[in-house]
Amino acid sequence: MIKGRHIIEPTDLSVNEIDQLSTLASRIKSNPEKYLDALKGNLLATLFYEPSTRTRFSFEAAMLRLGGQTIGFSEPNSSSVSKGESIADTIRTIGCYADITVMRHPKEGAPKLASKRSNIPVINAGDGGHQHPTQTLTDLHTIKSLKGTMSNNVIGFCGDLKFGRTVHSLVKALSRYENITFIFISPPELAIPIYIKDILSNHKIIELNSMEDILPKLDILYMTRIQKERFFNEEEYLRLKGYFVLTKKKLELAKKDMIIMHPLPRVDEIHTNVDNDPRAVYFQQAKYGMFIRMALILKLLKGDNHA
Ligand code: CP
């Protein structure tokens with residue numbers, strides 16, 4: 001399957017391919033020794049024009065744990081980007097050295113543009129407020145591993161649904177599964193965009209401004225932070241920051257088997273007193289992110305001819 005392709009949108013992978021990646025990620029997790037040399041001799045380039053902890057480190061860890069090596073920048077000003085080099089020229093140059101590249105960029109569409117000029121697979125590691133397909137793979141793998149299935153769940157998305165690319169990306173991917181109820185909980189100013197709701201024309205959608213009444217009905221609560229870096233106005237950010245805070249007390253309303261996900265980083269939307277609740281799976285989710293990225297780069301570089 002998928003060898004050599006670019007991954008720009010979550011739907012660049014079929015439901016079946018995502019299922020296969022999830023199965024491979026679970027195999028790698030339970031038997032990592034088998035994959036130690038799987039990508040020996042291969043090089044991954046990480047081009048991060050925006051800050052990251054999980055995405056960049058999990059990709060780098062994934063490549064190193066598969067026996068490959070990494071190069072890249074986390075600060076574009078340390079590269080010739082600071083001299084005005086274009087994305088097209090940067091990606092063509094990187095293709096001279098690496099076998100696969102991962103790009104995060106503040107501008108929507110930048111990784112897609114790069115993929116058109118690239119002779120090696122480009123993976124979108126988040127473009128502006130648009131998409132974040134490998135976070136989506138992480139989220140789907142987490143849901144499959146902990147809830148057994150994507151279908152037949154009531155999923156609450158809470159926080160900044162306007163700018164949150166992980167929500168846009170996950171909703172798009174989930175639209176292909178059966179019988180999901182989408183609950184969008186946000187301040188009116190940060191509501192889910194209409195173009196995302198349009199994807200869900202065959203699904204049940206509820207939009208709310210508070211979480212308490214709906215908490216008892218949720219199978220999955222997907223919390224997000226208010227995206228400070230996407231606001232034009234600091235005052236507006238400060239007004240909306242802290243609109244939702246999930247606390248231990250509020251969690252008393254939720255099902256015993258609900259899971260609380262968060263792409264992280266967290267600011268203050270989940271109180272730290274929730275972290276030890278068995279339903280809080282966000283750090284486990286971050287770990288799943290490394291295994292699914294191992295599966296992805298292995299498939300992109302080796303197809304089905306891997307260890
Ligand atoms: N979830 C996520 O994209 O985290 P980072 O910004 O730390 O990569």
Side-chain angles (χ1 to χ4, degrees), residues 7-10 12-13 18 21 25 44-65 70 72-76 100-111 122-143 145-146 155 157-174 220-231 237 241 246 259-270 272 274-275 280-297:
I7 305 296
I8 306 300
E9 301 258 346
D12 287 341
L13 294 162
I18 290 174
L21 286 176
L44 170 91
T46 53
L47 313 182
F48 277 69
Y49 293 76
E50 250 193 357
S52 166
T53 297
R54 276 142 293 274
T55 311
R56 185 166 71 86
F57 285 117
S58 66
F59 263 116
E60 291 182 0
M63 192 59 169
L64 295 169
R65 285 174 184 273
T70 67
F73 58 74
S74 57
E75 172 46 69
I100 187 165
T101 189
V102 180
M103 175 187 279
R104 170 169 290 187
H105 202 284
K107 286 208 179 99
E108 288 83 358
V122 174
I123 303 174
N124 178 5
D127 58 330
H130 188 219
Q131 300 283 326
H132 193 345
T134 64
Q135 181 63 47
T136 299
L137 288 178
T138 299
D139 299 340
L140 295 175
H141 181 49
T142 303
I143 294 171
S145 301
L146 301 179
I155 309 183
F157 294 88
C158 179
D160 182 347
L161 309 186
K162 179 180 177 186
F163 296 117
R165 62 190 171 201
T166 66
V167 171
H168 303 167
S169 213
L170 180 56
V171 168
K172 193 167 182 183
L174 285 171
I220 298 165
L221 173 59
Y222 192 95
M223 293 295 294
T224 62
R225 79 187 159 93
I226 308 292
Q227 306 255 314
K228 184 180 182 186
E229 66 275 30
R230 315 262 177 240
F231 277 75
Y237 166 71
K241 176 181 172 300
L246 183 65
I259 59 169
I260 308 156
M261 298 174 66
H262 193 312
L264 303 176
R266 154 179 58 186
V267 183
D268 49 14
E269 61 282 354
I270 301 181
T272 51
V274 171
D275 293 357
V281 303
Y282 26 91
F283 289 108
Q284 205 175 335
Q285 183 184 350
K287 189 160 187 175
Y288 281 127
M290 180 183 72
F291 291 113
I292 198 78
R293 288 180 174 107
M294 288 172 85
L296 180 66
I297 55 180

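One-based numbering, in listed order, for ligands and for the atoms of each.
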Exercise. Can you find an N or O of Pro265 that's nearer than 3.5 Å to an N or O of ligand 1?
Worked result: no
Exercise. Is there side-chain contact between Leu137 and Leu13, with at least one heavy-atom pair below 4.5 Å?
Worked result: yes
For this session: Check each of Asp139, Thr166, Thr53 against atom 5 (P) of ligand 1 and report the one with the nearest heavy atom.
Result: Thr53
Exercise. Parallel, tilted or perpendicular for His105 and Tyr49, by the 30°/60° rule?
Worked result: tilted
Problem set entry | Proximal atoms of ligand 1 relative to Gln135 (non-hydrogen, under 4.0 Å) | 1 (N), 2 (C)
Seminar exercise, completed: The protein heavy atom nearest to atom 4 (O) of ligand 1 is Arg54 NE, 3.1 Å
Exercise. Counting from 1, what ligand 1 atoms have a heavy atom of Leu264 closer than 4.0 Å?
Worked result: 1 (N), 2 (C), 4 (O)
Check residues 287-294 and write down every donor-acceptor pair under 3.5 Å in which the side-chain atom is one partner and the other belongs to a residue at least two apart or another chain.
unit_1 : atom_1 : unit_2 : atom_2 : d
Arg293 : NE     : Thr134 : OG1    : 3.2
Arg293 : NH1    : Ser58  : OG     : 2.9
Arg293 : NH2    : Thr134 : OG1    : 3.1

Exercise. For atom 6 (O) of ligand 1, what is the nearest protein heavy atom, given as residue, atom name and distance?
Worked result: Arg104 NH1, 2.9 Å
Problem set entry | Polar side-chain atom of Thr224 near backbone of Cys158 as donor-acceptor pair, under 3.5 Å | yes
Exercise. Is there a side-chain contact between Thr138 and Arg54 (heavy atoms, below 4.5 Å)?
Worked result: no
